[in-house]
Structure formats: structure tokens, C-alpha cells
Amino acid sequence: MLGCVLEHETEAGLVAVELTEVEAYTGATDPASHSYRGRTSRNAVMFGPPGHAYVYFTYGMHFCVNVVCMPEGTAEGILFRAGRVIAGELLARERRVRRRLETAAAGQPSARSVLPARDLARGPARLCQALAINRSQNGADMSDPASPLRLRGNESDARVGERPEISVGPRVGVSAGADTNFRFWLAGDPTVSAYRPAKARAGGPASAQARTT
DNA sequence: CGTCGGATAATCT
DNA sequence: GATTATCCGACGA
């Protein structure tokens with residue numbers, strides 16, 4: 001998927017990103033996968049045909065998008081973690097800034113300067129913000145060129161034909177399966193998100209028992 | 001620059 | 001009731 005283009009056409013216009021960072025989730029064999037414990041209403045799309053979008057809501061405020069990768073019944077997919085905006089940067093910037101203002105609305109106005117271009121889709125939830133991907137895109141067929149949300153190759157990239165250098169490492173923010181190197185990114189690309197380990201449970205496993213109030 | 005805590009609600013146990 | 005495939009601003013170096 002690295003180097004491929006994900007684009008979303010809405011009434012507001014088109015935004016496209018070249019994927020620079022992805023993660024694999026291998027379902028039944030992967031304790032970090034949402035589909036590890038079988039089918040639920042949330043992950044149902046993962047059990048469907050490949051090429052469709054599995055969009056999920058997390059942390060009470062963020063969306064992330066995967067592409068289903070295996071035949072019906074096998075719930076494996078690729079999470080799109082980051083991309084470089086190659087079309088519709090103004091629209092992407094609008095969406096990202098608007099979200100930022102909404103978040104800060106209750107507090108004091110932020111005196112921060114302009115968002116750097118590399119941060120527009122740097123991270124799975126930011127990528128969904130920039131592309132306006134939400135619950136209503138869950139199940140969309142991204143393999144259909146006529147679909148508003150679609151995947152394609154990147155024929156216009158000057159690097160076509162070259163072999164990109166791909167780095168590999170553990171996935172971000174997962175606790176189970178943290179030792180599996182299922183994260184892949186274009187080496188040295190500035191739009192790749194920063195690695196963060198899963199949030200440690202306060203004080204470690206021992207204090208989890210102590211905290212029984 | 002790095003590290004930390006709060007926000008915030010669907011989902012699962 | 002706990003956890004979460006995250007982001008942002010604050011703070012300290």
C-alpha cells in the first residue's frame with residue numbers, strides 16, 4: 001500500500017494523499033486486531049470482501065480507516081496511519097484547522113502559527129480528518145474507481161520504478177502484540193507519525209491489582 | 001526537542 | 001466499569 005494514493009471526493013472538493021505509513025492487522029492470529037475475538041457489529045466489514053473501508057471510532061473522538069485485505073470470512077486489513085497530501089491541500093488544511101478550533105473553543109484562543117504541511121495527515125485520525133472520513137464511509141468500496149472514496153496507484157510519482165526504502169517496526173499504541181513488527185513506512189519520510197508505545201497502565205501490572213476501589 | 005495528562009464515548013467484558 | 005489501532009496543549013530542558 002505504501003506509495004498508493006487514497007482520495008476522497010466530496011461536495012467540498014477532492015483531497016488525495018500518498019500513503020507513507022501503514023500497519024497490518026491479521027485478525028484471528030493477531031491479539032491486537034479488532035477482529036481477533038470474532039465478528040461484532042463494529043468489525044463486521046472486516047469479515048466482508050476485500051477493498052472495502054473499515055472505519056472505526058476510538059478514544060471518544062477519532063476515526064481511523066483500514067482497507068480489508070483478504071477474501072470474505074478472513075478478517076485481515078491494513079490501517080492507514082499517515083500520508084502526504086498531494087491534492088486539495090487547502091481543503092485538507094481547512095478541515096484540520098476547523099477541528100482544532102472546535103477543540104479549543106472552550107478554552108483560550110491558541111496563538112499557534114500555521115499548521116505545517118507535513119502534519120495534515122500525519123497520524124491515522126489526522127488522515128481521516130484531512131480526508132473527511134467518518135462513520136458514513138464504513139464499508140465503502142475503495143477498489144471502485146467510481147467510488148467517492150477510492151484507492152489507486154501513483155503513476156504520476158517521479159519515483160515510479162524505483163524501489164522505495166521501507167522501514168519496519170512495532171505498531172503504535174497497541175499493548176497486545178506489541179512485539180510484532182507489523183508497521184511499515186517510507187524511510188525518512190517527514191509525514192510518518194511519531195512512534196509511541198501503548199499507554200502504560202498506571203504503575204504497571206502490580207498496581208492494577210492494588211487499585212480495587 | 002521530549003514527556004505527560006486530559007478529553008471523550010463507543011465498545012467489550 | 002475498564003479499555004482504547006489518538007491528538008493536542010502545557011510544561012521543562
Side-chain angles (χ1 to χ4, degrees), chain A residues 1 19-47 53-69 75-83 92-93 95-116 118-131 133-136 138 168-185 190-205 207-213:
Chain A
M1 298 309 310
L19 297 174
T20 57
E21 179 190 1
V22 299
E23 282 175 358
Y25 287 85
T26 61
T29 62
D30 180 5
S33 176
H34 288 167
S35 46
Y36 181 60
R37 291 176 177 80
R39 179 178 181 137
T40 65
S41 56
R42 175 173 69 156
N43 66 25
V45 171
M46 285 282 283
F47 289 79
Y54 166 49
V55 180
Y56 67 89
F57 183 71
T58 191
Y59 288 103
M61 59 182 80
H62 296 303
F63 293 100
C64 299
V65 61
N66 299 246
V67 59
V68 179
C69 290
E76 308 193 4
I78 301 286
L79 169 70
F80 299 150
R81 282 201 56 89
R93 189 173 291 279
R95 288 167 173 161
R96 292 273 293 124
V97 168
R98 183 178 308 152
R99 175 62 65 91
R100 166 172 296 200
L101 290 180
E102 283 171 6
T103 305
Q108 328 161 8
S110 167
R112 257 196 79 171
S113 51
V114 184
L115 193 64
R118 67 176 171 278
D119 287 345
L120 288 173
R122 188 182 187 217
R126 291 166 168 180
L127 183 148
C128 283
Q129 281 178 25
L131 290 171
I133 292 173
N134 57 54
R135 236 182 268 291
S136 59
N138 190 36
V168 181
R171 292 170 291 187
V172 174
V174 301
S175 44
D179 54 334
T180 308
N181 290 335
F182 272 175
R183 177 180 179 231
F184 306 88
W185 65 95
T191 65
V192 172
S193 69
Y195 176 76
R196 296 192 72 179
K199 185 181 178 185
R201 300 198 303 220
S207 76
Q209 291 183 336
R211 182 179 169 73
T212 51
T213 57

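Residue numbers start from 1 in every chain, and the chains themselves are labelled A, B, ... in the order their sequence lines are given, proteins ahead of strands.
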Non-hydrogen side-chain atoms of A/Trp185 and A/Ser193 separated by less than 4.5 Å
no

Base, sugar-phosphate alone, or nothing: which one does A/Ala125 contact when heavy atoms must sit under 4.0 Å apart?
sugar-phosphate

Donor-acceptor pair, distance only, cut-off 3.5 Å: does the side chain of A/Asn43 make one with the backbone of A/His34?
yes

Taking Watson-Crick and G-U wobble pairs with both distances under 3.5 Å, convert DNA chain B into its dot-bracket string, 5' to 3', dots for unpaired and | for cross-strand pairs.
|||||||.||||.

Whole-Å distance, A/Tyr195 OH to C/dC7 P, equals 15 Å

Calculate the interatomic distance between A/Arg171 atom CZ and C/dT4 atom P; express it in whole Å.
13 Å

Calculate the interatomic distance between A/Arg81 atom CZ and C/dT6 atom C1'; express it in whole Å.
8 Å

Does the side-chain contact (heavy atoms from CB on, under 4.5 Å) test come out yes or no for A/Asn138 and A/Tyr54, once each step is laid out?
CA-CA 5 Å; A/Asn138 190 36; A/Tyr54 166 49; 3.9 Å; yes

On DNA chain C, nearest-nucleotide positions of A/Ala176 versus A/Arg122: which is more 5'?
A/Ala176

When you match A/Arg126 and A/Ser35 each to their closest nucleotide on DNA chain C, which lands nearer the 5' end?
A/Ser35

Are any protein N/O atoms closer than 3.5 Å to N/O atoms in nucleotides 5-12 of chain B? If there are, list each pair with its distance.
{"unit_1": "B/dT8", "atom_1": "O2", "unit_2": "A/Tyr59", "atom_2": "O", "d": "2.3"}
{"unit_1": "B/dA9", "atom_1": "N3", "unit_2": "A/Gly60", "atom_2": "N", "d": "3.4"}
{"unit_1": "B/dC12", "atom_1": "OP1", "unit_2": "A/Thr40", "atom_2": "OG1", "d": "2.5"}

Does some side-chain heavy atom of A/Gln129 sit less than 4.5 Å from a side-chain heavy atom of A/Arg95?
no

Does A/Ser33 place a side-chain N or O at less than 4.0 Å from the phosphate oxygens OP1/OP2 of C/dA5?
no

Tell me whether A/Arg96 contacts the main-chain N or O of A/Asp119 through its side chain, where contact means a donor paired with an acceptor under 3.5 Å.
yes

A/Glu23 has an atom CD; how far is it from atom C1' of C/dT4, in whole Å?
14 Å

What nucleotide, of C/dT6, C/dC8, C/dA5, holds the atom closest to the side chain of A/Arg96?
C/dC8

With no hydrogens and no angle check, is any side-chain donor or acceptor of A/Thr29 less than 3.5 Å from a backbone partner on A/Thr26?
yes

Are any non-hydrogen side-chain atoms of A/Val55 and A/Ile133 less than 4.5 angstrom apart?
yes

Starting at OH of A/Tyr36 and ending at C1' of C/dA5, how long is that distance when rounded to a whole Å?
16 Å

Is a side-chain N or O of A/Arg126 found less than 3.5 angstrom from the main chain of A/Arg122, in a donor-acceptor match?
yes

Tell me whether the rings of A/Phe57 and A/Phe63 are parallel (<30°), tilted (30 to 60°) or perpendicular (>60°).
tilted

